[in-house]
Amino acid sequence: MQTIAVLADIHGNLQALEAVLLDIERQGADKIICLGDLVGKGPNPTEVTDLIFAQCDVVVRGNWDELVVNIQDDENFRWHAEKLGVERLAKLKQLPFSYDCIISGRHVRMLHASPQSVYHRVQPWDDKEKRLSMFEFTAQLNDPLHPCQSPDIIIYGDIHQAYLQHIQGRTLLNCGSVGNPLDMTQASYVLITGQFGSIEQDSFSVQFCRVPYDIEQAVRAAEKSDMPAVKPYVRELRTGVYRGLQKPE
């Protein structure tokens, strides 16, 4: 049996990422897969990007990773792009859209948001048809081994809320957010245990992991920086509530 750690949405939060990587090491994971949004929102895009590329076996592209590469006339993206520099931006630009593998006889597809786009958001409370669209095959997908095949399991990030649902015999799983969780104020990732690469049916398990980290240290790092939108970022870290749902100060 192998254990695969799946994480997403670090958003430049170095303190949360370091805590999660320590926990993954303690758990003895054999592989680490990142489902995008390395950057954006938080103050340490360069350190986070370097750590993710150094520690992860697979990294797919998130919406913020794409935005900081492509948009230069908006301060929220330009600040992060300037911190990252040309070489890191080039790495982010080359990230694949998705990653497919077989674990214990199950076809697992991992991506940032949905098969339609890194910007197409699917929530656990959306209607069944929208959630089932997560299992569709689109031209965006990077799956040379199983073209046009609907997977058994989808693992994604983007919404910053960890959950698992079974829909018509298939599994929809969100790993939550490392650096900007919006369900509780602890970093989130998942551990998948099974026979990696095996087409034979075998045991398969999912463990949701929540990792406490020094939120106030992350707040101080943000407040000491000149990053844009510091106040809403800090409120999200401290409350776990999306800024669009918060009352303005």
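What you see is a predicted model; the values in this text were computed from it and never measured.
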Between the side chain of [X] and the main-chain N/O of [Y], is any donor-acceptor distance below 3.5 Å?
| X | Y | value |
| --- | --- | --- |
| Gln140 | Gln116 | yes |
| Tyr213 | Ala218 | no |
| Gln165 | Pro124 | yes |
| Gln201 | Gly105 | yes |
| Thr49 | Thr46 | no |
| Asp158 | His112 | no |
| Asn13 | Gly179 | yes |
| Ser104 | Gln195 | yes |
| Gln2 | Asp30 | no |
| Asp126 | Gln123 | yes |

Mind listing the closest non-hydrogen atom pair of [X] and [Y] along with its distance?
| X | Y | result |
| --- | --- | --- |
| Ile10 | Cys34 | CD1-SG, 3.7 Å |
| Ser188 | Gly176 | OG-CA, 3.7 Å |
| Gly42 | Pro45 | O-CD, 3.9 Å |
| Gly157 | Asn174 | O-ND2, 2.7 Å |
| Thr185 | Leu237 | CG2-O, 3.6 Å |
| Asp183 | Gln161 | OD2-CA, 3.5 Å |

(message) Under the side chain to side chain contact (heavy atoms under 4.5 Å, CB included) test against Leu89, which residue among Val69, Val39, Asp65 passes?
(response)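 One option only clears the test, and that one is Val69.
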(message) Applying the side chain to side chain contact (heavy atoms under 4.5 Å, CB included) criterion to Pro228, which one of Phe77, Tyr233, Trp79 satisfies it?
(response)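 Of the listed residues Phe77, Tyr233, Trp79, the side chain to side chain contact (heavy atoms under 4.5 Å, CB included) partner of Pro228 is Trp79.
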Taking atom [atom1] of [X] as the centre, does the number of heavy atoms from other residues, nucleotides or ligands within less than 6.0 Å exceed 12?
| X | atom1 | answer |
| --- | --- | --- |
| Ile199 | CD1 | no |
| Glu223 | CD | yes |
| Glu75 | CD | no |
| Lys93 | NZ | no |

Beyond-backbone contact of [X] with [Y], side-chain heavy atoms, under 4.5 angstrom:
| X | Y | answer |
| --- | --- | --- |
| Arg109 | Pro115 | no |
| Ser133 | His120 | yes |
| Glu129 | Leu132 | yes |
| Leu191 | Thr3 | yes |
| Ile192 | Val6 | yes |
| Phe135 | Pro151 | yes |
| Asn63 | Glu66 | no |
| Met1 | Asp202 | yes |

(message) Run the side-chain contact (heavy atoms from CB on, under 4.5 Å) test on Leu67 and Tyr119 for me, step by step, so that the C-alpha distance in whole Å, both residues' side-chain angles and the decisive distance to 0.1 Å come before the verdict.
(response) CA-CA 10 Å; Leu67 288 166; Tyr119 307 104; 3.7 Å; yes
With hydrophobic residues grouped by side-chain heavy-atom distances under 4.5 Å, do [X] and [Y] end up in a single group?
| X | Y | value |
| --- | --- | --- |
| Leu17 | Val59 | yes |
| Ile24 | Val206 | no |
| Leu182 | Val219 | no |
| Phe204 | Leu172 | no |
| Leu173 | Leu111 | no |

(request) Take Thr171 and Arg106, measure what side-chain hydrogen bond (donor to acceptor under 3.5 Å, both in side chains) needs, and give me the verdict at the end. (result) CA-CA 10 Å; Thr171 301; Arg106 295 158 176 84; over 6 Å; no
To the nearest 0.5 Å, tell me how far [X] [atom1] sits from [Y] [atom2].
| X | Y | atom1 | atom2 | answer |
| --- | --- | --- | --- | --- |
| Met110 | Cys101 | CE | SG | 4.0 Å |
| Asn180 | Tyr242 | CG | OH | 10.0 Å |
| Ile4 | Ile32 | CD1 | CD1 | 11.5 Å |
| Ile159 | Ser114 | CD1 | OG | 11.5 Å |
| Arg61 | Gln94 | CZ | CD | 11.5 Å |
| Arg170 | Met134 | CZ | CE | 12.0 Å |

(request) Apply the side-chain hydrogen bond (donor to acceptor under 3.5 Å, both in side chains) test between His11 and each candidate in His160, Glu236, Lys41; give the one that qualifies. (result)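 In the set His160, Glu236, Lys41, the residue that makes a side-chain hydrogen bond (donor to acceptor under 3.5 Å, both in side chains) with His11 is His160.
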(request) Dump the intermediate steps for side-chain contact (heavy atoms from CB on, under 4.5 Å) on Lys91 and Leu84, then the final yes or no. (result) CA-CA 10 Å; Lys91 285 185 177 181; Leu84 288 163; over 6 Å; no
(request) Assess whether side-chain contact (heavy atoms from CB on, under 4.5 Å) is satisfied between Arg235 and Val241, documenting all intermediate values. (result) CA-CA 8 Å; Arg235 287 200 302 270; Val241 177; over 6 Å; no
(message) Go through it in stages, so that I can follow the logic: the residues are Phe53 and Leu92, the test is side-chain contact (heavy atoms from CB on, under 4.5 Å), and I'd like the CA-CA distance, side-chain angles, deciding distance and then a yes or no.
(response) CA-CA 10 Å; Phe53 279 108; Leu92 293 180; 4.3 Å; yes
(request) Scan side-chain atoms only and decide if Asp23 and Tyr189 contain a donor-acceptor pair under the 3.5 Å cut-off. (result)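 Present: a donor and an acceptor within the cut-off.
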